[in-house]
Amino acid sequence: MRSDEQPVSAFGTQAAVPNRPGAGLKAEHVADILQSHPDIGFFEVHAENYMGSGGRPHQQLTAIRDIYPLSLHGVGLSIGGENPLNKDHLARLAELNKRYEPGLFSEHLAWSTHETTYYNDLLPVPYDQATLIRVCDHIDEVQDVMGRQMLLENPSTYIAYAQSTFSELDFLIEITRRTGCGLLLDVNNVYVSCTNQEQSPAAYLDEFPMQYVGEIHLGGHAPDMDEAGRPLLIDAHDRAVDDAVWALYKDVIGMHGALPTLIEWDNDVPAWPVLLREADAAQEILRRAENADLKAVS
Amino acid sequence: MAQVFALPRLSAADFGDALINPELGTPEGAVGPDGLPDVKRFNVYRNNVIVSLCEALGETYPTIKALLGDEYFAALARAFVAEHQPSNPVLIWYGEEFPSFLGAFPPLKAYPYLEDVARLEWAWLQSYHAKDCEVFDPAALATIPPTDLGGVRFQRHPAATIVASEWPIWDLVKVNRFKDGEQSQIDLSVAQPVLIVRPEFDVDVRVLEPSHATFGGAVFSGATLGEAAETALEIDSGFTLADCLSNFLSNGALAGLQTKEPA
Ligand SMILES: [Fe+2]
């Protein structure tokens, strides 16, 4: 095969996810999307929603993938878990990766399974030496079995571990250095975690290792308060992206250039046009950054 | 160098136990920005776990939820989740024990049909996600001499299931889940064993004659047509193989002829 030839794909469109906005795919939007072919860069799916053997979900995803690039986002692998990875689950991820040729694959710096219990939440990990070694082993295994690089997403957290000896940033940087994985920068998670940990989101983002970032997430959060009356933000994905998060995103893009940017809206899912408007708002910020780049060059 | 003091090390086991058992309190070592435990912070995780699993059950069992009401269902789901957490991250496989949990739940003794309704909903979901497969083309039967038909074994279509019941489970699901028909029209003395099929992407539910349900159950577990017809005749002397087989074939319940005897 000549090096400039594209490998043969089963799908009608390229695999590579462009530096444009995308949306989380919801079953209730599929008919609308297939009918209107909205101008959007890609769709992202939660891998676990497509782990049944067949039927409507796969039929819909195949139709979507034929028109749009895809990002495969796992939520249940428990990379931060104390036990070995679930081999069957990893095999199912590899199968989806093969079947749908996603341009990006990502998972979380979190745990969700211990022994025989799956907790169905992205639970925090301690940032210590033992966890670092385990997480890196797990990521090596994932990248090995899937035969590709993965992106690791920074978490939203409500507590910290007293036993942590690394900052979250140092922990993430050390993981990328040891495993060669990329990062998924969730700007909403940064805002939520930093607020909850009484740190500056802007300072965190200033130090974020942007050279490893392959994708950005934006989503909505719900405000609450802890026992002591301090702000406690909940990563609910149940509403539009907060203005403060848009402002941080604008700074990140202005500083580092365009990146694939996903709008996450998983609960109280709105009608498709509302979600598309959020993606359009991201597109506007990406376009302005591009124009500024062009001006700087000329 | 001697350690001056030991930091509390919080394990996944202790974190997980505290999630499911609120009476254990907030685990030591999970702290707020002041380094102190904060119950509201830890409760965010507790809430995420319990509520998301209850919601997953509600999505799998919408008829049960509609029949019991949101509030009762939420309490019932919590009781179930406290006893049965998933072991697999794929939640379409979570809640298989919910029907028998309902059947054994003392406060619901007066509603004995709930268990079978839940079995139908579980079977519906598994059919929805089952492997894609062509249904058997009846034309292929023409090659078999009629005298050999009794010895034929069929393969069940992967999306086909039978749910046996003494209750009108399909009417209950139709009215409460699909909002088709009136609650007052449901006759609780009617038995509705059902055949669930998915010839392509849409799940269909067909109410069966009791003898057809018996026949289908036997065929699906590997009996020959002759053996299955015999068990059906035991409960209904009017049973005819030709009618029953064409019912299963036209509904897409069968995938192909079994070429080997089951071991
Ligand atoms: Fe995210």
Side-chain angles (χ1 to χ4, degrees), chain A residues 47-60 74-78 80-83 86 88-89 92 111-126 128 130 157-165 196-199 224-228 230 232-236 267, chain B residues 6-13 15-17 19-20 26-53 55-56 81 85-94 125-133 158-159 198 200-203:
Chain A
E48 284 69 13
N49 291 341
Y50 296 89
M51 287 186 174
S53 306
R56 186 68 76 194
H58 286 289
Q59 184 250 340
Q60 290 183 333
V75 297
L77 192 55
S78 200
E82 285 183 17
N83 303 135
N86 178 335
D88 294 340
H89 198 71
R92 287 190 292 266
W111 67 280
S112 50
T113 296
H114 185 66
E115 302 297 347
T116 57
T117 305
Y118 171 65
Y119 291 99
N120 197 33
D121 193 27
L122 296 165
L123 301 164
V125 300
D128 59 13
T157 59
Y158 311 112
I159 58 107
Y161 281 81
Q163 75 217 55
S164 286
T165 51
N196 292 345
Q197 310 292 348
E198 294 186 336
Q199 290 165 11
D224 201 349
M225 248 191 274
D226 74 359
E227 280 294 292
R230 295 167 295 209
L232 179 61
L233 301 183
I234 319 284
D235 181 27
N267 298 301
Chain B
L7 288 169
R9 239 205 125 266
L10 174 54
S11 67
F15 198 113
D17 282 348
L19 287 172
I20 300 298
T26 306
E28 218 182 315
V31 297
D34 51 6
L36 298 172
D38 184 292
V39 67
K40 265 193 87 177
R41 286 169 178 265
F42 195 75
N43 279 349
V44 178
Y45 296 112
R46 279 194 180 120
N47 200 54
N48 284 350
V49 173
I50 303 296
V51 171
S52 71
L53 292 177
E55 279 174 3
V81 169
Q85 294 103 43
S87 55
N88 196 297
V90 186
L91 289 182
I92 54 172
W93 302 324
Y94 175 55
L125 184 70
Q126 302 316 310
S127 175
Y128 183 79
H129 291 286
K131 202 172 135 195
D132 298 332
C133 177
R198 202 202 80 212
E200 204 183 14
F201 299 116
D202 294 317
V203 176

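Protein chains get the first letters and strands the later ones, always in sequence-line order, with residue 1 at the start of each. Values in this document were obtained by computation on a predicted structure and should not be read as measured data. Just the heavy atoms: all of them, side chains too, but no hydrogens, waters or symmetry mates, feed the values below.
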B:Tyr94/A:Tyr118 under side-chain contact (heavy atoms from CB on, under 4.5 Å): CA gap, chis, key distance, verdict: CA-CA 10 Å; B:Tyr94 175 55; A:Tyr118 171 65; over 6 Å; no
Report the C-alpha distance between B:Leu19 and A:Leu123 in whole Å, list the side-chain angles of each, state the deciding distance to 0.1 Å, and finish with yes or no for side-chain contact (heavy atoms from CB on, under 4.5 Å). CA-CA 10 Å; B:Leu19 287 172; A:Leu123 301 164; 3.7 Å; yes
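Distance CG/B:Asn48 to OH/A:Tyr158: 5.5 Å, rounded to 0.5 Å. Interatomic distance, CD1 of B:Ile50 versus CG of A:Asn120, reported as 10.5 Å (0.5 Å rounding). Of the inter-residue distances, the one linking B:Arg46 atom CZ with A:Asp121 atom CG reads 13.0 Å to the nearest 0.5 angstrom. How far CZ of B:Phe201 is from CD of A:Gln60: 9.5 Å, rounded to the nearest 0.5 Å.
The most heavy-atom pairs under 4.5 Å with chain B, out of A:Arg92, A:Glu115, A:Glu48, A:Gln197, come from A:Arg92. Among B:Pro86, B:Pro158, B:Pro27, the residue making the largest number of heavy-atom pairs under 4.5 Å with chain A is B:Pro86. Of the listed residues (A:Ala160, A:Gly52, A:Pro57), the one with the most heavy-atom contacts under 4.5 Å to chain B is A:Ala160. Looking only at heavy-atom pairs under 4.5 Å with chain A, the residue among B:Val81, B:Asp202, B:Val44 that has the most is B:Val44. Counting heavy-atom pairs closer than 4.5 Å to chain A, the top-ranked of the candidates B:Ile92, B:Val203, B:Val90, B:Ile20 is B:Val90. In terms of non-hydrogen atom pairs under 4.5 Å with chain B, the most contact-rich of A:Pro124, A:Ala236, A:Ser78, A:Gly74 is A:Pro124.
Neither the backbone nor the side chain of A:Leu77 comes within contact range of chain B; no heavy atoms are under 4.5 Å apart. Interface residue B:Leu91: only side-chain heavy atoms are found under 4.5 Å from chain A. Heavy-atom distances place the side chain of A:Asp128, and not its backbone, under 4.5 Å from chain B. Residue contact with chain A, scored on non-hydrogen atoms closer than 4.5 Å, involves the backbone of B:Ala130 exclusively. Contacts between B:Leu36 and chain A at a heavy-atom distance below 4.5 Å are absent for every atom of the residue. Both the backbone and the side chain of B:Ser11 have a heavy atom closer than 4.5 Å to some heavy atom of chain A. Using a 4.5 Å cut-off between heavy atoms, A:Ser112 makes no contact with chain B at all. In this structure, the portions of B:Asp34 lying under 4.5 Å from any heavy atom of chain A include both its backbone and its side chain. When heavy atoms are compared at a cutoff of 4.5 Å, B:Arg198 approaches chain A solely by way of its side chain, counted from C-beta outward. Using a 4.5 Å cut-off between heavy atoms, B:Leu53 contacts chain A through both its backbone and its side chain.
In this structure, the side chain of B:Asp38 engages the main chain of A:Glu227 through a donor-acceptor pair within 3.5 Å. Side chain of B:Gln85 to main chain of A:Tyr119: no donor-acceptor pair is present (N/O by atom type, distance under 3.5 Å, no hydrogens or angles). With hydrogens and angles ignored, the 3.5 Å screen pairs a side-chain donor or acceptor of A:Glu82 with a backbone N or O of B:Ala12.
For the side chain to side chain contact (heavy atoms under 4.5 Å, CB included) criterion with B:Arg41, the lone passing option out of A:Leu232, A:Thr157, A:Asp224 is A:Leu232.
Contact between B:Pro89 and A:Gly76 at its shortest, heavy atoms only, is CG-O, 3.4 Å.
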